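Here is the structure we will look at.
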Amino acid sequence: VGTPICVPSKSGVDLGRIVSMELNHKTVETARSGDSVALKIEPQNAEQASRMYGRHFDLNDPLVSRISRESINALKEFFLDEM
């Protein structure tokens, strides 16, 4: 939750930030690769607010977290055994 989300298959289109997630109708804070979760994404600007499911992306497009190299290195350092 709080992670910026983008669609890499559509030139990295930014959608906004995750404000909530559900797995099996229960609120969760994290999800692992392969989990099928429901996301509530809140746009952070007008451009992101104009993105529409079905027009700019659909269920065939994977959504990924947009994180910095610094964040990736911190994850590797502190959470490598969980990755």
Side-chain angles (χ1 to χ4, degrees):
V1 175
T3 303
I5 290 292
C6 70
V7 185
S9 61
K10 304 293 185 185
S11 301
V13 169
D14 289 313
L15 301 177
R17 290 187 178 268
I18 298 173
V19 292
S20 65
M21 274 190 302
E22 287 187 4
L23 177 63
N24 297 324
H25 303 286
K26 294 178 183 170
T27 301
V28 294
E29 290 292 316
T30 61
R32 295 211 177 267
S33 180
D35 286 349
S36 183
V37 296
L39 299 175
K40 180 177 181 183
I41 301 170
E42 188 172 281
Q44 301 297 298
N45 57 46
E47 183 180 10
Q48 292 174 354
S50 70
R51 306 289 186 219
M52 294 174 50
Y53 178 80
R55 180 175 290 172
H56 296 100
F57 67 102
D58 62 29
L59 67 96
N60 297 310
D61 296 306
L63 304 180
V64 298
S65 302
R66 182 179 294 275
I67 59 175
S68 67
R69 170 51 57 189
E70 184 179 326
S71 294
I72 292 169
N73 291 340
L75 288 169
K76 286 180 178 178
E77 183 178 347
F78 297 107
F79 299 100
L80 187 60
D81 57 330
E82 296 179 34
M83 297 169 63

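Computed from a prediction, not measured in an experiment: that's the story for all the values here. We number each residue from 1, following the sequence as shown.
In the hydrophobic clustering of this structure, V28 does not group with V19; members are Ile, Leu, Val, Met, Phe, Trp, Tyr whose side-chain heavy atoms approach within less than 4.5 Å, directly or through other members. Cluster annotation: F78 and L75 are assigned to the same hydrophobic cluster (Ile/Leu/Val/Met/Phe/Trp/Tyr, side-chain heavy-atom contacts under 4.5 Å, transitive). Hydrophobic clustering, with ILVMFWY side chains joined whenever heavy atoms are under 4.5 angstrom apart, groups I41 together with L23. Hydrophobic clustering, with ILVMFWY side chains joined whenever heavy atoms are under 4.5 angstrom apart, groups M21 together with L59. Put simply, V1 and V64 are part of two different groups of oily side chains (I, L, V, M, F, W, Y) that touch within less than 4.5 Å, one to the next.
Looking at residues two or more places apart in sequence or on another chain, you find no side chain to side chain donor-acceptor pair (under 3.5 Å) involving D35. Every side chain to side chain donor-acceptor pair (under 3.5 Å) that S71 has, sequence neighbours left out, goes to S68. With sequence neighbours excluded, no residue forms a side chain to side chain donor-acceptor pair (under 3.5 Å) with T27. Applying the side chain to side chain donor-acceptor pair (under 3.5 Å) rule to T30 yields no partners; only residues at least two apart in sequence or on another chain are considered.
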Just distance, no hydrogens or angles: give the donor-acceptor pairs under 3.5 Å from side chains in residues 3-11, sequence neighbours left out.
| residue | atom | partner | partner atom | Å |
| --- | --- | --- | --- | --- |
| S9 | OG | D61 | OD1 | 2.9 |

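For the atom pair OG (S65) and CZ (R17), the distance works out to 10.5 Å, reported to the nearest 0.5 Å.
For L15 against L63, the heavy-atom pair with the smallest separation is CD1-CD2, 3.7 Å. For the pair V37 and A31, the tightest heavy-atom approach, listed with the atom from each and the gap, is CG1-CB, 3.9 Å.
Contacts classified as side chain to side chain donor-acceptor pair (under 3.5 Å) and involving residues 45-60 (residues at least two apart or in different chains) are given here: E47-R51.
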